[in-house]
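All residue numbers in this chain count up from 1 along the given sequence.
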Amino acid sequence: MASKIRVYELGRELGLTNKETLDLCEALGIGVRSHSSSIVDAQADRVRRKADAEGLRRDPIVDEPPAQLQSSAQPQPQPGAAAPPAPTGPVPAAPAG
């Protein structure tokens with residue numbers, strides 16, 4: 001049985017958007033309806049060669065898990081480090097209105 005790949009997976013491999021990958025498939029006469037359509041390896045190879053011939057290939061798109069993005073954005077406290085001091089003083093009153 002021939003193995004298959006989803007159009008969006010092929011697009012990620014080539015560094016293309018879903019639309020660009022779909023357009024390449026349609027230009028080659030490969031019947032796909034959406035980015036989640038599957039194509040066989042022979043069709044995927046044709047798309048890869050066309051992307052290379054037209055100079056469309058870019059660095060592969062790598063998705064990072066959201067947890068890693070969030071944790072790298074916020075500095076992590078060092079073990080044994082003191083917590084920042086709590087604010088002191090009067091609390092500002094809400095404006096009357």
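- Scanning for salt bridge (Lys or Arg N to Asp or Glu O under 4.0 Å) contacts around Glu20 gives Arg58, with sequence neighbours left out.
- Not a single side-chain hydrogen bond (donor to acceptor under 3.5 Å, both in side chains) links Gln43 to another residue, sequence neighbours left out.
- Asn18 meets the side-chain hydrogen bond (donor to acceptor under 3.5 Å, both in side chains) test with no other residue; sequence neighbours excluded.
- Here Arg57 pairs with Asp52 under the side-chain hydrogen bond (donor to acceptor under 3.5 Å, both in side chains) rule; sequence neighbours left out.
- Pairs engaging residues 1-11 under the side-chain hydrogen bond (donor to acceptor under 3.5 Å, both in side chains) rule: Ser3-Asp41 [sequence neighbours left out].
- Cys25 SG to His35 NE2: the interatomic distance, rounded to the nearest 0.5 Å, is 13.0 Å.
- The other residues sharing a hydrophobic cluster with Val7 are Ile5, Leu10, Leu14, Leu16, Leu22, Leu24, Leu28, Ile30, Val32, Ile39, Val47, Leu56, where clustering joins ILVMFWY side chains under 4.5 Å apart.
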Evaluation steps, side chain to side chain contact (heavy atoms under 4.5 Å, CB included), between Glu13 and Arg48: CA-CA 9 Å; Glu13 173 189 322; Arg48 288 181 187 104; 2.6 Å; yes
